[in-house]
Each structure stands twice: as structure tokens, then as C-alpha cells.
Amino acid sequence: MPQIAQLAETFSSQIFWLLVFFGITFFVVGRGMVPRVMDTMDSRAKQITDDIAAAQAARDQADKEEEAWRVRENENRARAQALIAEAKAEAAAKSEKKIAAAQKRLDKKLEEADQELAATREAALGEIEEVATDAAQDIVSRLAGVTVTKPVASKAVKEALAHG
Amino acid sequence: MAAEEGKVDPMHQFTIEPVGSWAHWEIAGVDVTFTNSALWMLITTVVLIAFVQMGNKRQLIPGRWQMAVESLTGFVDNMVQANIGKQGRKYLPYVFSLFSFILFANILGLLPLGVAGIHPFTFTSHFTVTGILAVISFSIVLLVGFWKHGLKFFTLFVPHGTPLPMIPIIAPIEFISFMVRPFSLGLRLFVAMMAGHVLLEVLSSFVIDGTNAGIGFGVLVGLPSFLLMIGICALELLVAGIQAYVFALLTALYINDAENLH
């Protein structure tokens, strides 16, 4: 077993070189590099945590803004609807008034037309009577040779018209 | 020797020899020959530094190498934090160095470079090496313990809630189990690595000798041994990782004792 057989002649060399190379490993790798590697890992972990926190904050902010927007939007909508209703009511009242005025005007016109019609009719009737009276006088004078006075003829025409 | 009579000496792989005739160095009369063991410590150190350096790009989005290195450091960091707690961070450099140094040494020692004529030397199969590492860990435990708690550190030997009459019996047992720690720590790694390498060597000698003895022995002995070797190789890779992990884990546990007492 060389480990024991060579112990006396090699142990100083073994110990010396182990201390040298393990020492180098410890100071170069352990003290020099490992803290930097750990530092990198830590800073990465920190950055990830920070990023997540920032994302969460941004999300909360967005949620809040959306909520505010919704409230504002609802307000606006309510206001718009009120405005619409008001305009509608106003328009309805206006048109009603207009319709009423137009109706009044029409009624008046109609009445006037009626009156005119009645007047014209009366006039026409009067004319017919006169013409008939004249005709009756004429007919009587020609057929019977009797001269009938106008009132008599008119009375007879009237009678005939009433019966006729 | 391996070449004589076609026999394979399973222990030959653990022989320490200077890498060359120029390598017989001395410092202040102490022999510090640059051996194959030292060479593989150097290779381990270089490979480990290269590996960690490749992953030390400090990018926000890690590439493959950075991911690999960060997984390794993260793994050790988790282990240290789970066992020692928040203040375990300051022991991370040591525990990580220990874990990765042993892990790389174990795995490099398993590489089948012998095919190319380079013979990997697993220095973790020498108790001189594992013993020193264990002693370093144990020294850190003692230093931290006495530094932080002073003489109160001795209360470590009296578990919480021990009845007064039991203390004279419990304390020596605890003391012995405490003092055995560096030995068990060092021996565990050394034995596991040596056993695995010896087993692989013995099985490979079965394959070689069986095949040389004729076709019958080749099929009967060589082939099953070869198949078994494949399995054992996979197992050895596992052991290489587990032993490194156990060494680092126990170190972390012992440091926890010193850091937090009971």
C-alpha cells in the first residue's frame, strides 16, 4: 500500500503541494470568484423581485385608472342621457305647439272657407230666384198675356222652389 | 510491477513518484518534490479555476457555462445556508473550495486517460491529503468555536437537557465523538476513493488475464467482469460526487456546531 509504504518519504511534499494548490483554489476561486458569482445571482434575484413588484404596481395603477375611467364614463353617459331626454322633451313641446298653431290656422281657414261657401251659395240662390222670377214673369206675360207684378212672381217662385 | 508475468498490481496506481529527475526540490531542508500527486493537484486547480472563470461572466441572462457554475455555487450555498443559517454565507468560499476541489480531483482521477498513456492520479485516495483537508476543516471548527463562544464552546459536549448525573458519562462520549471527526472525515474520502480504484483495477486485471488465458476464460470471466466494470465506473462517478458532497456537508455541519453550539 503506497499510501503507508511511501508515507515517510512523501508526506512533506504532499502536505506542501496540497497547501499550495488548495490555497490557490481557496483564494482564487473561493474568495475571488465565488462571491462575484453569488453577487450576480443575488442581483439577478433582486432584479426579478423588483421587476415583479414594478409590474404589480403598474397593474394596480392600471386597475385604478380603469376604475376612475369607468366612473367618469358612467357619469358622462348619465349626463348625455339627461341631455337627450331634455332635448326630446323640448322638441316634443315645440312640435306640439307648432301643431296646435297650425291646427288653429287650419280651423280658421276652414271656417272662412265655409262662410264664404255659404255666402256664395246664398248669393247664387238669390240669383236663381231673381232669374226664375224674371223667367216666370216673362213666361206668364207671353202665355197668358197677363202682366204679373214682380212681388207676386217672386212669391210664386219662392213657393215653387220650396216645394220643388 | 505490472509488466512482470502479465500481472496487474492494483496498488501500483497509488504510487507517488517525481514527475521527472528535475523535480527533486527542497525548501529549507524539507523535501517538496514535485510528484505526480502534486501535478494532479495543479491540474485540478487549473481546471477548477478555468471552469469557474468561464461561468464568471456576470450576465443577467446566464449562458450555459454561467448556468453550470451558478448551479454549483447555488447548490453549495443552499447546503451551507440550510446547515449553518444566514451567517453561513461567510463560510461559502471555504466550503465551496473544499467541495469543488475534491469533486474535480475525484472526477479527474477517474478519467480514462490511461488509454492515451497519461495516468491520472487520484490524490484524494491518499490519507495524507484527505487528512490535511480534514484537519483544516476541524481547525476552522475549533477556531470559530473558541473565537465566538470562548470557553462556553465546551458546553458542546453537554447536549441540551442532559440530566446532571449523566453529564460525567455523556461528556466524555461527546468529547470522543468530537475528536474522532477529523479522522472519520479524512478516512471516509480516502477509503471510498481507494476502494473504488482498487476494485476497477482488480476487475480490469480479470478482464486482461481472463482474455489472455483463452477464449473460454474470456467469455466466462472476462466478459462479465467487463460488464461489471462498466457498472462500477458509473457507480464510481456517483461516489466521486457523493464523497465530495459528504465531506463538504459534514464540514458545514461541524461549522454549524461551532457557530450555533447546540
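Just so we're on the same page: letters track the sequence lines, and every chain starts at 1.
When heavy atoms are compared at a cutoff of 4.5 Å, B:F96 approaches chain A solely by way of its side chain, counted from C-beta outward. Heavy atoms of B:Q53 lying under 4.5 Å from chain A belong to its backbone as well as its side chain. Both the backbone and the side chain of A:T25 come within contact range of chain B, with heavy atoms under 4.5 Å apart. For a residue to count as touching a neighbouring chain, one of its non-hydrogen atoms must lie under 4.5 Å from one of that chain's; by this rule B:F190 touches chain A with the side chain only. Only the side chain of A:V28 has a heavy atom closer than 4.5 Å to any heavy atom of chain B. The contact between B:L98 and chain A is made by backbone and side chain atoms together, counting heavy-atom distances below 4.5 Å.
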Practice problem: Evaluate the criterion side chain to side chain contact (heavy atoms under 4.5 Å, CB included) for residue pair B:D77 and A:V34; output intermediate values, then yes/no. | Solution: CA-CA 10 Å; B:D77 185 46; A:V34 169; over 6 Å; no
Quiz item: Yes or no on side chain to side chain contact (heavy atoms under 4.5 Å, CB included) for B:I136 and A:L19, after CA distance, side-chain angles and deciding distance?
Solution: CA-CA 10 Å; B:I136 295 173; A:L19 290 179; 4.1 Å; yes
Quiz item: Would A:M33 and B:V69 count as a side chain to side chain contact (heavy atoms under 4.5 Å, CB included) if you check the C-alpha gap in whole Å, the side-chain angles of each, and the deciding distance to 0.1 Å?
Solution: CA-CA 10 Å; A:M33 295 169 174; B:V69 173; over 6 Å; no
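Atoms CZ and CD1, on B:F14 and A:I4 in that order, are 12.0 Å from each other to the nearest 0.5 Å. Of the inter-residue distances, the one linking A:F11 atom CZ with B:I16 atom CD1 reads 12.0 Å to the nearest 0.5 angstrom. Atom CE in A:M38 sits 3.5 Å away from atom CZ in B:R89 (nearest 0.5 Å). Here the straight-line distance linking atom CD1 of B:I27 with atom CZ of A:F16 works out to 3.5 Å at 0.5 Å rounding.
Contact between B:P93 and A:F26 at its shortest, heavy atoms only, is C-CE1, 3.9 Å. Residues B:S125 and A:Q3 approach most closely at O-NE2, 2.7 Å, considering heavy atoms. Here the closest non-hydrogen pair linking A:S13 and B:T35 is OG-CG2, 3.8 Å. For B:V129 against A:L18, the heavy-atom pair with the smallest separation is O-CD2, 3.5 Å. Residues A:M41 and B:G74 share a closest heavy-atom pair of CE-CA, 3.9 Å. The two residues A:E9 and B:D31 have their closest heavy-atom pair at O-OD2, 3.4 Å.
Not one N or O on the side chain of A:W17 forms a donor-acceptor pair closer than 3.5 Å with the backbone of B:L42.
Residues B:S37 and A:Q14 have side chains that bring a donor and an acceptor to within less than 3.5 angstrom of each other.
Looking at heavy atoms from C-beta onward, B:T45 lies out of side-chain contact with A:V20 at the 4.5 angstrom threshold.
Atom CZ of B:F75 is surrounded by more than 12 heavy atoms from other residues, nucleotides or ligands within 6.0 Å. Heavy-atom contacts from other residues, nucleotides or ligands closer than 6.0 Å to CE of B:M54 number more than 12. In B:K148, the NZ atom is crowded: over 12 heavy atoms of neighbouring residues, nucleotides or ligands sit closer than 6.0 Å. Shown here is A:E130, whose CD atom has no more than 12 heavy atoms of other residues, nucleotides or ligands within 6.0 Å. Heavy atoms of other residues, nucleotides or ligands lying less than 6.0 angstrom from NZ of B:K90 number more than 12. Counting heavy-atom neighbours within 6.0 Å of B:I61 CD1, excluding the residue itself, gives a total of 12 or less.
Comparing B:A38, B:G55, B:S97 by heavy-atom pairs within less than 4.5 Å of chain A, the highest count is held by B:S97. Chain A forms more heavy-atom pairs under 4.5 Å with one residue of B:F34, B:F123, B:Y94 than with any other, namely B:F34.
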